[in-house]
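Heads up: the structure comes next, in structure tokens.
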Number of protein chains: 2
Amino acid sequence: MKEKLKEHIENLIPLTDEEFSFILSHVSFEKYKKNDFIIQEGENVKNCYLVVNGLLKLVYDDKNGKQHIVSFAMEDWWESDFSAYFSQTKAKMSLQCIEDTTVYSLSFKNYQKLSAELPKMKQFFLEKSNSGHSASQNRILSFLTSNAKERYEQLLKQYPLLFQRVPKTLLASYLGVSRETLSRLSS
Amino acid sequence: MKEKLKEHIENLIPLTDEEFSFILSHVSFEKYKKNDFIIQEGENVKNCYLVVNGLLKLVYDDKNGKQHIVSFAMEDWWESDFSAYFSQTKAKMSLQCIEDTTVYSLSFKNYQKLSAELPKMKQFFLEKSNSGHSASQNRILSFLTSNAKERYEQLLKQYPLLFQRVPKTLLASYLGVSRETLSRLSS
DNA sequence: AATCGAGTGTGACATACATCACAATTATAA
DNA sequence: TTATAATTGTGATGTATGTCACACTCGATT
């Protein structure tokens with residue numbers, strides 16, 4: 001398990017063994033079951049999470065009780081309600097398991113500590129944040145330029161695995177269309 | 001002018017005079033006229049920009065020749081085709097002046113240099129990137145949860161100034177609706 | 001002053017998508 | 001296994017929004 005975290009970071013930045021054990025002492029390994037909530041709307045968001053195995057959804061429940069999926073988090077992704085995490089306020093969204101899931105959890109305090117004491121980690125977080133930002137911009141772009149069918153095809157192309165792992169209802173909720181419309185698109 | 005840059009950074013992180021002049025020697029001050037392109041689609045993206053005065057639009061031109069506004073950049077905002085900037089590839093979007101605009105320009109090389117040699121700047125960029133990421137997620141959320149009228153009202157509430165500074169056609173293009181629909185919404 | 005073009009409003013109509021209802025199938029649990 | 005819930009497909013219909021066409025205003029240019 002440790003190895004997976006090491007690989008994940010070294011994918012961007014090489015680490016000495018000392019550096020890695022320092023990092024390891026600042027995160028905790030956690031297991032969740034399908035349908036468990038890792039973050040619940042309204043709670044203080046103390047942690048962000050690296051998915052080791054499994055699959056998460058970051059969802060927003062609107063005033064009509066409808067669920068909207070802001071993001072899926074697959075293996076090797078960091079996820080949280082980052083807006084609440086960085087400002088240390090209450091979650092507007094929930095983070096819930098679609099499958100049994102294992103994660104590394106990083107508290108905000110330790111995030112700050114790692115950033116401050118290990119320049120390499122600050123660099124790591126910076127690069128992660130930049131790529132997260134780019135990914136979000138691409139998603140915005142797809143809402144601006146594409147209709148439901150095109151967005152569906154883009155999603156399939158980008159994450160063919162997702163298609164087999166999550167019910168269509170959730171895909172629809174991610175794409176911003178009703179499940180009925182999505183069903184008609186695929187046929 | 002220098003003062004505005006100093007204020008902007010010190011809004012997040014205090015600087016000594018030496019640190020600030022080091023930073024200043026790594027950016028360049030530039031002036032553009034209304035309708036000028038700062039970045040053109042297809043070019044290599046060498047710089048990102050801090051808007052000192054004026055107003056920019058980040059636009060994507062789709063295959064049908066239709067323009068989509070991914071973002072407006074007002075005073076005190078950093079903007080670029082960040083995806084292309086960070087990967088040092090060609091721009092998928094253009095950055096164009098809606099008004100006469102002055103900016104500080106930061107090359108990718110100097111971005112890396114500042115990040116590497118001034119920990120405070122790495123911290124600064126990290127915090128900027130995090131808040132940019134949050135902002136993008138909020139925009140995604142508004143596409144998922146709101147119809148055109150609601151998105152319009154949210155925009156007005158968040159940036160009342162914008163409303164007076166840019167033609168409705170551009171607001172429509174930002175909101176992802178036709179100008180006719182937007183016109184009918186406001187009445 | 002006359003002309004031009006950008007920005008805007010509005011009617012008529014077309015289309016994409018949502019909603020509601022119901023049936024069929026497949027997974028899950030007792 | 002049987003029962004129960006979750007998932008999916010599909011028809012009928014309503015609504016939001018897009019598209020096309022045209023007119024009007026207003027500021028800029030000559």
Side-chain angles (χ1 to χ4, degrees), chain A residues 32-37 54-55 57 59-69 72 96-101 140-156 161-187, chain B residues 33-37 55 57 59-69 72 96-100 139-156 161-187:
Chain A
Y32 294 91
K33 289 276 174 198
K34 179 171 174 175
N35 294 325
D36 281 357
F37 283 91
L55 183 57
K57 59 178 180 179
V59 301
Y60 177 84
D61 294 292
D62 72 18
K63 50 187 190 297
N64 308 317
K66 211 187 222 169
Q67 273 211 351
H68 304 276
I69 296 190
F72 292 109
Q96 191 179 10
C97 300
I98 297 177
E99 305 171 351
D100 290 358
T101 300
I140 292 171
L141 210 54
S142 97
F143 276 113
L144 284 174
T145 63
S146 309
N147 62 21
K149 178 157 203 169
E150 290 164 335
R151 293 204 300 282
Y152 176 64
E153 283 158 2
Q154 289 161 18
L155 181 64
L156 278 196
L161 308 163
L162 214 53
F163 179 66
Q164 296 142 26
R165 286 171 75 178
V166 315
K168 301 286 174 62
T169 309
L170 294 187
L171 290 185
S173 162
Y174 176 88
L175 291 169
V177 295
S178 68
R179 60 158 207 88
E180 293 93 334
T181 296
L182 181 62
S183 165
R184 284 185 255 263
L185 290 181
S186 14
S187 55
Chain B
K33 290 275 175 198
K34 179 171 173 173
N35 294 326
D36 281 357
F37 284 90
L55 183 59
K57 60 178 180 180
V59 301
Y60 177 83
D61 295 291
D62 72 18
K63 49 188 190 297
N64 309 316
K66 212 186 221 169
Q67 272 211 351
H68 304 275
I69 297 191
F72 291 109
Q96 190 179 9
C97 300
I98 297 176
E99 305 171 353
D100 290 359
R139 181 114 186 265
I140 291 170
L141 252 178
S142 95
F143 274 113
L144 284 174
T145 64
S146 309
N147 61 22
K149 177 157 203 170
E150 292 164 334
R151 293 205 301 280
Y152 176 63
E153 283 157 3
Q154 289 162 18
L155 181 63
L156 279 196
L161 308 163
L162 214 55
F163 180 64
Q164 296 141 26
R165 287 171 75 177
V166 316
K168 303 285 174 62
T169 310
L170 293 187
L171 290 184
S173 162
Y174 176 88
L175 291 170
V177 294
S178 69
R179 59 159 209 87
E180 293 94 332
T181 296
L182 182 62
S183 166
R184 286 186 253 261
L185 289 181
S186 14
S187 56

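This one's a predicted model, so the numbers in the text were calculated from it and none came from an experiment. Letters go in sequence order (proteins before strands), and every chain restarts at 1.
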Just how far, in rounded Å, is [atom2] of [N] from [atom1] of [X]?
{"X": "B:Leu144", "N": "C:dC17", "atom1": "CG", "atom2": "P", "value": "15 Å"}
{"X": "A:Gln67", "N": "D:dA6", "atom1": "CD", "atom2": "P", "value": "13 Å"}
{"X": "B:Arg151", "N": "D:dT17", "atom1": "CZ", "atom2": "P", "value": "7 Å"}
{"X": "A:Leu185", "N": "C:dA16", "atom1": "CG", "atom2": "C1'", "value": "10 Å"}
{"X": "A:Ile98", "N": "D:dT7", "atom1": "CD1", "atom2": "P", "value": "11 Å"}
{"X": "A:Leu171", "N": "D:dT7", "atom1": "CG", "atom2": "C1'", "value": "12 Å"}
{"X": "A:Asp62", "N": "C:dA18", "atom1": "CG", "atom2": "C1'", "value": "14 Å"}
{"X": "B:Asn35", "N": "D:dA28", "atom1": "CG", "atom2": "P", "value": "14 Å"}

May I ask you to test the [X]-[Y] pair for a side-chain heavy-atom distance under 4.5 Å?
{"X": "B:Lys168", "Y": "B:Phe163", "answer": "yes"}
{"X": "A:Val59", "Y": "A:Phe37", "answer": "no"}
{"X": "A:Phe143", "Y": "B:Leu144", "answer": "yes"}

In terms of side-chain heavy atoms of [X], which of [options] is nearest?
{"X": "B:Pro167", "options": "D:dT10, C:dG7, D:dG18", "answer": "C:dG7"}
{"X": "A:Lys168", "options": "C:dC17, D:dT8, D:dT17", "answer": "D:dT8"}
{"X": "A:Ser183", "options": "D:dT17, D:dT10, C:dT8", "answer": "D:dT10"}

Taking all non-hydrogen atoms of both residues into account, name the closest pair between [X] and [Y] and its distance.
{"X": "B:Ser146", "Y": "B:Arg151", "answer": "O-NH1, 3.0 Å"}
{"X": "A:Thr101", "Y": "A:Gly54", "answer": "OG1-CA, 3.6 Å"}
{"X": "A:Leu162", "Y": "A:Leu155", "answer": "CD2-CD1, 4.3 Å"}

Exercise. State the CD-CG distance between A:Glu150 and A:Leu185, to the nearest 0.5 angstrom.
Key: 10.5 Å

Self-check item: Worked check of side chain to side chain contact (heavy atoms under 4.5 Å, CB included) between A:Phe72 and A:Ile98
Solution: CA-CA 9 Å; A:Phe72 292 109; A:Ile98 297 177; 3.8 Å; yes

Self-check item: End axis versus end axis in the helix from C:dA1-D:dT30 to C:dA30-D:dT1, the angle rounded to 10°, five pairs used at each terminus
Solution: 50°

Quiz item: Within the distance-only criterion (no hydrogens, no angle test), does the side chain of B:Gln96 pair as donor or acceptor with the backbone N or O of B:Asn35 below 3.5 angstrom?
Solution: yes

Practice problem: Give a yes/no on whether any side-chain N or O of A:Thr169 is located under 4.0 angstrom from OP1 or OP2 of D:dT8. | Solution: yes

Exercise. Give the B/S/- string for nucleotides 19-30 of chain C, one per nucleotide from 5' to 3', where a protein heavy atom under 4.0 Å of the base yields B, of only the sugar-phosphate yields S, and otherwise -.
Key: BBB---------

